[in-house]
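The structure presented is a predicted model; accordingly, all values stated were derived computationally and were not measured. Both ligands and their constituent atoms are indexed starting at 1 by order of listing.
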Amino acid sequence: MAQKKALISGITGQDGSYLLEFLLAKGYEVHGIVRRVALEDPEHRLSRIVAFQDKVHLHPASLESYASIHQVAVKVRPDECYHLAAQSFVSYSFDDEFSTLNTNINGTHFMLSAIKNTNPDCRVYFAGSSEMFGKVEEIPQTERTRFHPRSTYGISKVAGFDLTRNYREAYGLHASSGILFNHESPRRGFEFVTRKISSGVAQIVAGRQKGLRLGNLDAQRDWGHAREYVEAMWMMLQQPEPDDYVIATGETHTVLEFVSEAFGCVGLDYRDYVTTDPVLFRPAEVSILLGDPAKAKAILGWQPRTTFKDLVREMVEADCVALGVGNAVRS
Ligand code: G4F
């Protein structure tokens with residue numbers, strides 16, 4: 001059988017890097033879309049995929065340019081396309097609503113259109129988000145729960161979700177959306193709360209930082225491991241019919257629980273270090289996310305494996321090891 005070709009947008013991010021590894025292990029020829037600046041600054045911007053640089057084919061393109069995406073689609077002619085690229089930091093979407101909407105909505109539209117126009121048999125994955133549920137209308141959230149986004153990021157993801165469904169219904173594209181709940185790992189960006197906490201703990205242990213300033217500690221999130229969530233993306237594209245799936249653990253925890261667990265890993269009491277700062281609260285918060293992954297389990301055979309405690313520990317340990325204080329982590 002001919003080697004399958006996959007195209008990933010957002011390949012340099014947390015999810016893109018895990019997906020790249022996963023697809024290479026499955027024998028795929030993997031292509032990635034990257035911004036031109038990333039190719040000019042590989043040490044910094046390609047750090048998550050540096051180990052695979054000689055195995056992956058990178059193509060410069062911009063989510064803001066249909067022509068550039070179209071060109072890559074023509075050149076690669078992928079069998080599967082994973083559209084992960086986005087402005088994905090919710091907090092930033094309050095600072096620049098316009099660019100978040102432009103990049104995320106147009107980027108998704110350009111990708112769907114380029115695939116439909118050049119390679120309509122290609123299967124497409126769209127990275128939807130639990131942020132689409134926003135001010136949740138039921139707990140837990142399922143594929144049937146109504147969306148009520150609370151940020152332009154969430155709104156952009158609802159638009160991407162609707163575009164994906166419309167390309168499926170109008171043009172027969174095999175296009176699926178994953179409604180992924182928060183997923184973390186040692187590769188998470190430092191701006192997201194889990195990595196801010198795990199790296200903060202390591203900095204404190206290493207004596208480089210005295211305390212940690214956070215926003216809303218009462219928010220609840222359904223946190224899983226990113227490595228497992230990319231497997232679900234692939235599973236969706238192996239189904240005979242395209243569809244939408246909630247990918248979640250089915251457990252929710254407060255930010256405070258994450259904080260307490262993370263400091264506990266190195267034998268510290270968070271109350272001695274953590275302060276809250278109103279500046280870090282969001283104008284509109286998503287208070288609770290809790291997903292029901294029953295459909296993914298029944299149809300894809302997917303289920304989460306990493307527990308909340310193990311996830312926190314893995315992240316704290318990785319950050320402590322990176323700073324040379326791995327021995328502070330309690331066994
Ligand atoms: O880690 P966060 O920034 O992630 P958030 O907003 O839930 O979004 C992430 O998950 C979504 C899936 O549901 C993705 F679509 C999205 O791209 C991203 O990956 O914040 C989590 C919670 C929020 O309630 C926030 O208010 O943590 C709270 N928080 C408290 N203090 C903080 C902080 N968040 C950040 N980033 N920094 C803080 O200091």
Side-chain angles (χ1 to χ4, degrees), residues 10 13-16 18 83-95 100 103-104 107-108 126-136 140-141 145 147-161 177-185 187-201 203 209 211-226 229-230 232-233 245-249 251-260 262 270 273-291 293 308 311-312 315:
Q14 168 187 257
D15 294 4
Y18 280 120
H83 178 47
L84 313 182
Q87 191 301 97
S88 64
F89 186 32
V90 176
S91 204
Y92 178 72
S93 77
F94 289 106
D95 298 333
T100 301
T103 311
N104 292 3
T108 303
F126 168 66
S129 163
S130 51
E131 275 294 304
M132 300 190 297
F133 295 122
K135 192 166 186 283
V136 300
Q141 295 87 51
T145 304
F147 297 142
H148 187 146
R150 298 269 279 171
S151 62
T152 48
Y153 169 81
I155 292 166
S156 75
K157 285 291 174 180
V158 172
F161 180 91
S177 292
I179 307 174
L180 268 54
F181 283 62
N182 297 51
H183 43 288
E184 319 293 315
S185 75
R187 297 186 195 173
R188 193 54 148 147
F190 290 98
E191 66 273 39
F192 298 96
V193 78
T194 55
R195 189 73 195 281
K196 183 172 172 184
I197 296 166
S198 66
S199 63
V201 166
Q203 296 276 350
Q209 197 172 302
L212 185 59
R213 237 163 26 98
L214 293 168
N216 181 9
L217 301 180
D218 297 327
Q220 289 175 256
R221 289 292 182 274
D222 179 329
W223 279 296
H225 200 300
Y229 284 41
V230 304
M233 298 174 186
Y245 297 90
V246 160
I247 302 299
T249 69
E251 249 186 53
T252 192
H253 296 272
T254 60
V255 173
L256 184 62
E257 283 178 82
F258 196 106
V259 167
S260 168
Y270 75 88
Y273 301 94
V274 173
T275 50
T276 53
D277 184 339
V279 168
L280 297 170
F281 282 61
R282 296 174 183 178
E285 177 65 283
V286 171
S287 304
I288 174 165
L289 289 175
L290 172 61
F308 173 71
L311 175 65
V312 179
M315 293 180 71

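Donor-acceptor pairing under 3.5 Å is lacking for the side chains of Q87 and S93.
Every atom of ligand 1 is numbered from 1 in the order shown, and the set under 4.0 Å from a heavy atom of Y153 is 14 (C), 15 (F), 16 (C), 17 (O). Ligand 1 places these atoms under 4.0 Å from at least one heavy atom of V90: 6 (O), 8 (O). Listed by number with element, the atoms of ligand 1 under 4.0 angstrom from any heavy atom of S129 are 11 (C), 12 (C), 13 (O), 14 (C), 15 (F). Ligand-side atoms of ligand 1 in range of A219: 24 (O), range being under 4.0 angstrom from any heavy atom. Those atoms of ligand 1 with a heavy atom of L289 less than 4.0 angstrom away are 13 (O).
The distance from atom CG of N182 to atom OG1 of T194, rounded to the nearest 0.5 Å, is 8.0 Å. Note that the CZ atom of F190 and the CD1 atom of I197 stand 13.5 Å from one another [nearest 0.5 Å]. Separation of atoms CE (M233) and OG (S177) is listed at 11.5 Å; rounding is to 0.5 Å.
When heavy-atom distances to ligand 1 are checked against a 4.0 Å cut-off, V193 comes that close through both its backbone and its side chain. Only the side chain of F89 comes within contact range of ligand 1, with a heavy atom under 4.0 Å; no backbone atom does. Only the side chain of R282 comes within 4.0 Å of ligand 1, counting heavy atoms alone; its backbone N, CA, C and O stay farther away. Residue L214 touches ligand 1 through backbone and side chain together, judged by heavy-atom distances below 4.0 Å.
Among all heavy-atom pairs drawn from T249 and P293, the shortest one is C-CG, 4.4 Å. The nearest pair of heavy atoms linking A284 to R150 is CB-O, 3.5 Å. Pairing each heavy atom of R195 with each of G189, the nearest pair is CB-O, 3.2 Å.
Contact of the E285 side chain with the D218 side chain is not registered, since no non-hydrogen atoms from C-beta on lie closer than 4.5 Å. Looking at heavy atoms from C-beta onward, L214 lies in side-chain contact with V274 at the 4.5 angstrom threshold.
Residue contact annotation: R188 has a non-hydrogen atom under 4.0 Å from ligand 1.
In terms of protein heavy-atom proximity, atom 23 (C) of ligand 1 is nearest to R221 NH2, 3.4 Å. At the top of the distance list for atom 13 (O) of ligand 1, counting protein heavy atoms only, stands S130 OG, 2.4 Å. Taking atom 10 (O) of ligand 1 as the reference point, the nearest protein heavy-atom neighbour is N182 ND2, 3.1 Å.
For the pair E131 and R221, the salt-bridge criterion is met [side-chain N within less than 4.0 Å of a carboxylate O].
Among G13, S287, S88, the residue whose heavy atom sits closest to atom 16 (C) of ligand 1 is S88. Among E285, E191, K196, the residue whose heavy atom sits closest to atom 36 (N) of ligand 1 is E191.
The shortest N/O to N/O separation between L180 and ligand 1 does not fall below 3.5 Å. The shortest N or O to N or O distance between G215 and ligand 1 is under 3.5 Å.
Residue F192 is tested with W223, F258, F89, Y92 for a ring-ring contact (aromatic ring centres under 6.0 Å, His included); the sole match is F89.
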